[in-house]
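Reviewing the structure listed below.
It should be emphasised that the depicted structure is a prediction, and the values quoted were computed from it without experimental measurement. Chain letters run A, B, ... following the sequence lines, proteins first and then strands; every chain starts at 1. Hydrogens, waters and symmetry mates play no part in the numbers below; they use all other heavy atoms, side chains included.
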Protein chains: 2
Amino acid sequence: MFTFSEENYLKAIYHLELDSDKVISTNSIAKKLETKASSVTDMIQKLSEKEVVVYKKYQGVTLTDFGRKTAANIVRKHRLWEVFLVEKLNFSWDEVHDVAEQLEHIKSPKLIDQIDAFLGFPTHDPHGDPIPDKEGNLKTIEKSLLSTLSKNESGICVGVNDSSSEFLKFLDKKGVTLGKQITVLEKEDFDASLLIEIDNNKLSVSNKIASNLYIQRQ
Amino acid sequence: MFTFSEENYLKAIYHLELDSDKVISTNSIAKKLETKASSVTDMIQKLSEKEVVVYKKYQGVTLTDFGRKTAANIVRKHRLWEVFLVEKLNFSWDEVHDVAEQLEHIKSPKLIDQIDAFLGFPTHDPHGDPIPDKEGNLKTIEKSLLSTLSKNESGICVGVNDSSSEFLKFLDKKGVTLGKQITVLEKEDFDASLLIEIDNNKLSVSNKIASNLYIQRQ
DNA sequence: TTAAATTTTTAGACTTAACTAAAAATATAT
DNA sequence: ATATATTTTTAGTTAAGTCTAAAAATTTAA
Ligand SMILES: [Mn+2]
Ligand SMILES: [Mn+2]
Ligand SMILES: [Mn+2]
Ligand SMILES: [Mn+2]
């Protein structure tokens, strides 16, 4: 079994590997966990002892298969709990992350299996992120940042890149939620902002917004 | 905020106070938490600093109002989670305690309020124990140990004194569950065993069983 | 009421997971 | 290729929570 701290390190390394497929540096882990590089070195050495990461001094770290599966399982729990909170307990998508950060560490295989079944085996969490299966596999859907769409292209809003509470609340205010159809009406060269159509309304979105919204092209 | 360890100490003291209404000794806490008296002294001093207990060297400990409310809230969470696991996730009453021991430490007022509402504001947990309200008050129902009933008395099974998995599984096997009507047909002087009627069946129960089952007389 | 037994506290040590500061290794730039 | 900058590791502290062993206080028994 792993401590909370070990689980958080595993999850951080897992996420870093997913969006870089390179060896993960001490510093990048420190940045992600808002801790010091020296603390990371300590923990990495322990995780290496426990055979969840492969580590050579100064060479960064990679997850072993066992480590990756362990990490995926934590992410699985995190995302299933987020679905539960939204679907069953009337949480909004900007409120669930912090609670899920706690709930993901609860140790009970039966509990998470039952939550999964209770929710009807969801495949994605409230932010559009895929839920790893029990073996740790996740099927990613084809999705593109809104900022990469051309004029007149359209698609369905399927996820967010930034899932901070601020961004999510902003989207709520603008009426942008997952599942909505979006069409790019204009692209401004000047500031890379977009004029989009959503719910038969025109909405102007900055490049910052557009580079944090995932669209499934159609 | 309190650490897991502090919360467990608070809960232990709370339970000890409930079934003794005396000042609580260092040793009794150590026994309940399966730890050493010296560790208890350390922790008690910290809890005293935090003003959740009143402590004078060698004089034992009592909860302050704030401490009692804090402890009751942990028990509230524990029991609501137990109800959730049984009612919504198909756990049996002998499986829920260990998971609830973890879940009771999750910090999110909204979460527990929503669970409470989702469950329809239950008043008792799967073992018949009362669920403290948000102010920490618990209303206890009139109940007696089965062993205290006389011949020909009857009542409803409303709780267990021992909620170990072994005892609960044993009760399941014998068909004894909360809500069932029980009538005492015979009391044996020799070994204090009882012959009871339940579901139109006769069942012989030892004194050990009878002193761990709560009955609401009728 | 003194002695023995029990309970409780203190002192000192250990583990985990942080931190800072300094040393060592690696990467980058001249 | 050498100097500089950056990254990473090591060494040494700290705090929380536990432990054992010993001292102190309290309770019980003679
Ligand atoms: Mn999240
Ligand atoms: Mn999410
Ligand atoms: Mn319980
Ligand atoms: Mn219970």
Verify the contact: side-chain N or O of [X] to OP1 or OP2 of [N], cut-off strictly under 4.0 Å; return yes or no.
X       : N      : answer
A:Ser5  : C:dT16 : no
A:Thr41 : D:dT10 : no
B:Gln59 : C:dT8  : no
B:Gln45 : C:dT9  : no

Given atom [atom1] of [X] and atom [atom2] of [N], what is their separation to the nearest angstrom?
X       : N      : atom1 : atom2 : result
A:Lys56 : C:dT26 : NZ    : P     : 12 Å
B:Ile44 : C:dT7  : CD1   : C1'   : 12 Å
B:Lys31 : C:dT7  : NZ    : C1'   : 11 Å
B:Leu47 : D:dA16 : CG    : P     : 13 Å
B:Ile29 : D:dT18 : CD1   : P     : 13 Å
A:Tyr9  : C:dT16 : OH    : P     : 15 Å

Review point. Near DNA chain D, under 4.0 Å by heavy atom, which residues of residues 18-28 of chain A?
Key: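 Nucleic-acid contacts, sorted: A:Ser25, A:Thr26, A:Asn27.
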Less than 3.5 Å apart, which donor and acceptor atoms pair up between the side chains of residues 118-135 of chain B and the rest of the protein, not counting sequence neighbours?
unit_1   : atom_1 : unit_2   : atom_2 : d
B:Asp125 : OD1    : B:His127 : N      : 2.7
B:Asp125 : OD1    : B:Gly128 : N      : 3.1
B:Asp125 : OD1    : B:Asp129 : N      : 3.0
B:His127 : ND1    : B:Glu82  : OE1    : 3.1
B:His127 : NE2    : B:Trp93  : O      : 2.8
B:Asp133 : OD1    : B:Glu135 : N      : 2.8
B:Asp133 : OD1    : B:Gly136 : N      : 2.9
B:Asp133 : OD1    : B:Asn137 : N      : 3.0
B:Lys134 : NZ     : B:Asp113 : OD1    : 3.4
B:Lys134 : NZ     : B:Asp113 : OD2    : 3.2

List, one per line, each side-chain donor-acceptor pair under 3.5 Å for residues 27-34 of chain A, sequence neighbours excluded.
unit_1  : atom_1 : unit_2  : atom_2 : d
A:Ser28 : OG     : A:Ser25 : N      : 3.4
A:Ser28 : OG     : A:Ser25 : O      : 2.8
A:Ser28 : OG     : A:Ser25 : OG     : 3.1

Check your understanding: When you measure from the side chain of B:Tyr55, which nucleotide among C:dT10, C:dT9, D:dT9 comes out closest?
Key ->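 Among the listed nucleotides, the one closest to the side chain of B:Tyr55 is C:dT9.
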**Study point:** B/S/- contact track for nucleotides 19-25 of chain D, protein heavy atom under 4.0 Å
**Key:** BBB--BS
Review point. Between A:Arg76 and A:Asp116, is there a side-chain N and carboxylate O pair less than 4.0 Å apart?
Key: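 Yes, A:Arg76 and A:Asp116 are salt-bridged.
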Point to revise | Salt bridge present between B:Asp172 and B:Lys169 (N-O < 4.0 angstrom) | key: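 Salt bridge: no.
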Results of side chain to side chain contact (heavy atoms under 4.5 Å, CB included) for [X] - residues two or more places apart only:
X        : result
B:Glu153 : B:Leu149, B:Ser150, B:Arg217
A:Lys57  : A:Tyr55
B:Glu6   : B:Phe2, B:Thr3, B:Met43, B:Lys46, B:Leu47, B:Lys50

Check your understanding: With B:Phe84, which residues qualify under ring pair (Phe, Tyr, Trp, His ring centres under 6.0 Å), at least two apart?
Key ->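 For B:Phe84 the ring pair (Phe, Tyr, Trp, His ring centres under 6.0 Å) partners, ignoring immediate neighbours, are A:Phe84, B:Trp81.
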Point to revise | ring pair (Phe, Tyr, Trp, His ring centres under 6.0 Å) against A:Phe170, all qualifying residues, sequence neighbours excluded | key: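 So A:Phe170 forms no ring pair (Phe, Tyr, Trp, His ring centres under 6.0 Å) with any residue.
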Practice item. Could you check A:Met43 against A:Lys57 and say which one's nearest nucleotide on DNA chain C is further toward the 5' end? Key: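 Result of the comparison: A:Met43.
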